[in-house]
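Everything on this sheet refers to the single structure shown next.
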Amino acid sequence: MKNNKILAVVSAAVLAAGVLAGCGSSKKADTAASSAAAATSAATEADAAATQAATADAAKDGAGEKITVAASVTPHAEILAKAKEILAGQGYDLEVKEFEDYVQPNNVVESGEFDANYFQHVNYLNSFNEENGTHLTIAENGKIHYEPFGIYGGTKKSLDEVADGDAIAVPNDTTNEARALLLLQQEGLIKLKDGAGITATVNDIAENPHNLKIVEIEAAQVSKQLPDVAYAVINGNYAMQAGLSVEKDALAVESADGDAIQQYVNVIAVKEGNESLPKIKALTDVLHSDEIKQFIKDTYKGSVVPYEGEQ
């Protein structure tokens, strides 16, 4: 098509030169020939500019560029599967590999084998870097969702029924126990020492007006204690596995603007220096799109919540 355009311009210019030459003016013919050459050059430059513009637009829209992401199965890989459809329409090829552990997804991003990962929260990312000397960071606009802790009823079906000496099961690992205690504090059941924050343990309980018995259990086993305790504080993924719905069953959930959410929001992590790569920005933009937010809400019914706080 481009060659046809050039040929048409040249032909017209040559015809003009021929007409002038037929009138017996060689000077005019030379001028026409020069005009033809100029027109040909201009047409070539215009086509080159159009090609460059098309190439730039294709690059901007991905043009088949691959994005490789390491992810855990639920909910991360499921969310990415939906994002893949949208990114394909922008020219990107999203390739997701599922991992069952929490070490390799960081190692493969550190090594450069994968562009990004999506499986961990801020606190874990920071701890992993500190313990392993890795250089991972949150992508631009990379805070995507959180899986809220909830308080679930065991022998009691409402927090209004709380009584002196009630037992409450909480996860016993440092990260999850702190979240559980912060949620109990949020609901006014206990008060922690000033500054305890996301490192809180039962030793940081400053006030316990109901003399609640805090039963520390391995996180995956907390839901199994429900028949034996008044309440249990369970994190999102284990609640889902136990058939519990945050939306329908939780008596209270973490506040979206609480201290815990800022540390436990799940992120797209990349190697330092890659935070703002165009393909990474395309990925995080899609994960914050209305379509993905609705997918999360419809699919997980409150067990997974789109993050809409500060980045």
Side-chain angles (χ1 to χ4, degrees), residues 67 69-87 94 96-102 105-106 116-125 138-139 141-153 170-171 173 175-176 178-180 182-183 186-187 198 219-220 222-223 226 232-269 283-311:
I67 309 171
V69 182
S72 57
V73 179
T74 303
H76 308 83
E78 297 166 350
I79 295 171
L80 289 170
K82 184 66 177 178
K84 179 180 178 72
E85 302 171 8
I86 304 173
L87 284 164
L94 178 61
V96 180
K97 182 174 180 180
E98 298 175 358
F99 288 81
E100 294 183 357
D101 71 289
Y102 284 0
N106 276 337
N117 64 45
Y118 181 32
F119 77 100
Q120 64 192 324
H121 51 58
V122 175
N123 198 38
Y124 181 82
L125 173 62
I138 302 170
N141 200 30
K143 296 179 179 179
I144 308 301
H145 80 265
Y146 63 95
E147 299 164 22
F149 266 45
I151 302 176
Y152 295 85
V170 302
D173 60 285
T175 297
N176 288 317
R179 288 182 76 179
L182 285 168
L183 177 53
Q186 173 188 303
E187 296 306 305
I198 61 170
V222 173
S223 62
L226 285 173
V233 186
I234 310 172
N235 47 338
N237 59 320
Y238 290 128
M240 285 189 285
Q241 290 178 20
L244 296 169
S245 166
V246 171
E247 187 176 58
K248 296 179 179 179
D249 301 317
L251 306 180
V253 297
E254 288 174 310
S255 170
D257 58 1
D259 291 340
I261 296 303
Q262 305 309 311
Q263 289 296 315
Y264 298 110
V265 58
N266 282 228
V267 301
I268 293 291
L283 173 63
T284 57
D285 284 350
V286 165
L287 290 174
H288 281 290
S289 68
D290 290 340
E291 188 170 351
I292 292 297
K293 289 177 183 177
Q294 195 61 50
F295 171 79
I296 290 174
K297 292 174 182 177
D298 292 344
T299 303
Y300 302 107
K301 309 296 184 184
S303 295
V304 179
V305 180
Y307 177 77
E308 302 189 53
E310 291 185 4
Q311 292 287 330

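From a predicted model like this one, the values you see are computed outputs, not experimental measurements. Atoms considered below: every heavy atom in the structure, side chains included; atoms not considered: hydrogens, waters and symmetry mates.
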Taking side chain as C-beta onward, heavy atoms only, is Pro75 less than 4.5 Å from Thr299? no
Which of parallel (below 30°), tilted (30 to 60°) and perpendicular (above 60°) describes Tyr118 and His76? perpendicular
With rounding to the nearest 0.5 Å, note down the distance linking CG in Leu125 to CG in Asn117. 8.0 Å
State, to 0.1 Å, how close Leu226 and Ala232 come at their nearest heavy-atom pair, and which atoms those are. CD2-CB, 3.4 Å
Distance-only, no hydrogens or angles: does the Glu254 side chain make a donor-acceptor pair with backbone N or O of Phe149 under 3.5 Å? yes
What is the distance from atom CD of Gln311 to atom OG1 of Thr284, rounded to the nearest 0.5 Å? 8.0 Å
From Ile296 atom CD1 to Glu291 atom CD, the distance as rounded to the nearest 0.5 Å: 11.5 Å
Taking only residues two or more places apart in sequence, or in another chain, which ones meet His288 in a ring-ring contact (aromatic ring centres under 6.0 Å, His included)? none
For residues Gln262 and Tyr146, is any side-chain donor paired with an opposing acceptor at under 3.5 Å? no
Over all atoms of both residues, closest heavy-atom pair of Ala71 and Ala77: CB-N, 4.1 Å
State which residues pass salt bridge (charged side-chain N to carboxylate O under 4.0 Å, His left out) with Glu247; sequence neighbours excluded, sorted by chain then number. none
For Tyr264, which residues count as a ring-ring contact (aromatic ring centres under 6.0 Å, His included) partner, sequence neighbours excluded? His121
Who are the salt bridge (charged side-chain N to carboxylate O under 4.0 Å, His left out) partners of Glu308, not counting sequence neighbours? Lys293
Between atom CD1 of Ile292 and atom CD1 of Ile86, what is the distance when rounded to the nearest 0.5 Å? 4.0 Å
Tyr124: partners by side chain to side chain donor-acceptor pair (under 3.5 Å), with sequence neighbours left out: none
Close side-chain approach of Tyr238 to Leu244, heavy-atom, < 4.5 Å: no
Any Tyr152 side-chain heavy atom under 4.5 Å of Val246 side chain: yes
Working note: Asn266 + Ile144, criterion side-chain contact (heavy atoms from CB on, under 4.5 Å); need CA distance, chi angles, decisive distance, verdict. CA-CA 6 Å; Asn266 282 228; Ile144 308 301; 5.7 Å; no
Is the closest side-chain heavy-atom distance between Gln186 and Ser255 below 4.5 Å? yes
Where is the tightest heavy-atom contact between Ala250 and Gly150, given as atom of each residue plus distance? CB-CA, 4.4 Å
Taking every non-hydrogen atom, the tightest pair across Ala239 and Ile234: N-CG2, 3.6 Å
For the CG atom of Leu283 and the NZ atom of Lys84, what is their distance to the nearest 0.5 Å? 12.0 Å
Is there a side-chain contact between Val267 and Val122, using heavy atoms and a 4.5 Å cut-off? yes
Would you say the side chain of Glu187 lies within less than 4.5 Å of the side chain of Leu251, judging by non-hydrogen atoms? no
Ile198 to Ala178 - nearest heavy-atom pair and separation: O-CB, 3.1 Å
Report yes or no: does Glu147 contribute a side-chain atom to a donor-acceptor pair with the main-chain N or O of Ser303 at less than 3.5 Å? no
So, do Val170 and Asn176 sit near enough that their side-chain heavy atoms are less than 4.5 Å apart? no
Please give me the minimum heavy-atom distance between Pro171 and Val233, naming the atom from each residue. CD-O, 3.5 Å
Would you please name every residue forming a salt bridge (charged side-chain N to carboxylate O under 4.0 Å, His left out) with Asp249, sequence neighbours left out? none
Rounding to 0.5 Å, atoms CZ (Phe295) and CG (Leu287) come to a distance of 11.0 Å
Glu78 side chain near Tyr300 side chain, heavy-atom distance below 4.5 Å: yes
